[in-house]
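What follows is a short report on a single structure.
Quick caveat, the model's predicted, so the values are computed rather than measured. For this chain, numbers begin at 1 and follow the sequence in order. Counting convention: from 1, in listed order, for ligands and their atoms alike.
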Amino acid sequence: MKITALAGGVGGAKMVHGLAAHIAPTDLTVIVNTGDDFEHLGLTICPDLDTVCYTLAGLANFETGWGRANETWNVISNVEKLGGAGWFRLGDQDIATHLERTRRLKAGQPLSQITKDFCQAWGIPQTILPMSDAPVRTMVNTEAGELAFQEYFVHRRCEPKVKSFRFDGIASAEPASGVQEALHQADAILICPSNPWVSIDPILKVIKTINRPVVAVSPIIGGQSVKGPAAKMYAELGIEPSALAVAQHYQRLLSGYVLDTVDAKLAQPINELGVKTLITNTLMTSLADRARLAEDVLHFIRSL
Ligand code: FO1
């Protein structure tokens, strides 16, 4: 069964890592959000792409979910000593990725080709695609003004209340090479448990149409985000955060929806939207959790 997954950073990476344990590498393609990308210290940083790649390569930091395992911080410490910005923690090994990517982008190579080459170098057999080769930058309209995504997320620790989102560059951003093929050839599209507002919406806006069955996994369990500000964003936008709110967010796309056992009572209102549900344990704390959830999700997709 061919699966094309839509993924943001940490939650998406854990989900595709689980899928990779069950399906052949040629049957798994991941389309990754690039709205979180930004230019920092002269480098182009692609946090979600790197998180997915490092996770599939077995190179990720298990505690943070982002960045590299066994990392050292000499460069960023010395940047800080010189008065430079240290709020975005770039590790020494990670910086090599940004240096080489930035060099190639400046030489005119598309991000999709660079990602393909990096995946080969890291021994990743699955296909990882940026959503677009054109730069898209998520801007968060907050009560403190409009902030670039990483300024909001990391520097301001998601504190300013959100009012809306804008995806700079999205109107002219075409899907990257391979994205449309991956969407057409898949037996199903899986929306990973990533932030609907800032990780999945930019991908959906770039790809525009999907003609295959879509299944989503809720990133909200018991009204709370597993990681990141999704639940806080729903609340600030005047929507009660819940697995139901996420299902309603994707409603027009969904054939199936996966929600946590603690939210079992929400299955009925979701079924009433015309969406089939799977109730299972969706929290991915261990490596075994990732593989078990992926197995449940694949079984559910086959049953649809
Ligand atoms: N997230 C943080 O909360 N603090 C950081 O200092 C930080 C550094 C960082 C460096 C490289 C990278 O690829 C990701 C990094 N992240 C950091 C995570 C990242 O910015 C966010 O988790 C995503 O953009 C949201 O999906």
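- The protein heavy-atom contact nearest to atom 19 (C) of ligand 1 is P47 CB, 3.9 Å.
- Only the side chain of W66 comes within 4.0 Å of ligand 1, judged by heavy-atom distances.
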message: If you apply the rule side-chain contact (heavy atoms from CB on, under 4.5 Å), what do you find for V75 with L90, and how did you get there?
response: CA-CA 8 Å; V75 173; L90 294 173; over 6 Å; no
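- When each atom of ligand 1 is checked for a heavy atom of D94 under 4.0 Å away, the hits are 10 (C), 11 (C).
- You'll find the ring centres of F88 and F38 inside the 6.0 Å limit.
- Remark: the H98 side chain and the R101 side chain contain an N/O donor-acceptor pair separated by less than 3.5 Å.
- At a 4.0 Å heavy-atom cut-off, ligand 1 touches F153 through the side chain alone.
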message: Would W66 and Y54 count as a ring-ring contact (aromatic ring centres under 6.0 Å, His included) here? Give the steps.
response: CA-CA 8 Å; W66 52 264; Y54 291 159; over 10 Å; no
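- Salt-bridge annotation for D296 and R292: present, with a side-chain N of the basic residue lying under 4.0 Å from a carboxylate O of the acidic one.
- At a 4.0 Å heavy-atom cut-off, ligand 1 does not touch N195 at all.
- Residue-ligand proximity, D36 to ligand 1, at heavy-atom distances under 4.0 Å covers atoms 23 (C), 24 (O), 25 (C), 26 (O).
- In this structure, R89 pairs ionically with E80, as a charged nitrogen and a carboxylate oxygen lie closer than 4.0 Å.
- Side-chain contact of T261 with N281: a donor-acceptor pair under 3.5 Å is absent, judged by distance alone.
- Tested against T44, the residues L111, L105, I114 include a single side-chain contact (heavy atoms from CB on, under 4.5 Å) partner, L105.
- No N or O atom of D50 sits closer than 3.5 Å to an N or O atom of ligand 1.
- Hydrophobic cluster membership differs between I210 and M1, with clusters built from Ile, Leu, Val, Met, Phe, Trp and Tyr side chains linked at under 4.5 angstrom.
- Of all atoms in ligand 1, numbered sequentially from 1 with element shown, those under 4.0 Å from a heavy atom of W87 are 6 (O).
- Of all the atoms in ligand 1, the ones that sit under 4.0 Å from a non-hydrogen atom of Q150 are 20 (O), 24 (O).
- Inclusion of D48 in the set of residues having an N or O under 3.5 Å from an N or O of ligand 1 is warranted.
- Listed by number with element, the atoms of ligand 1 under 4.0 angstrom from any heavy atom of R89 are 5 (C), 6 (O), 8 (C), 9 (C), 10 (C).
- The protein heavy atom nearest to atom 3 (O) of ligand 1 is V154 CG2, 3.8 Å.
- With hydrogens left out, the protein atom closest to atom 10 (C) of ligand 1 is F88 CE2, 3.1 Å, a heavy atom.
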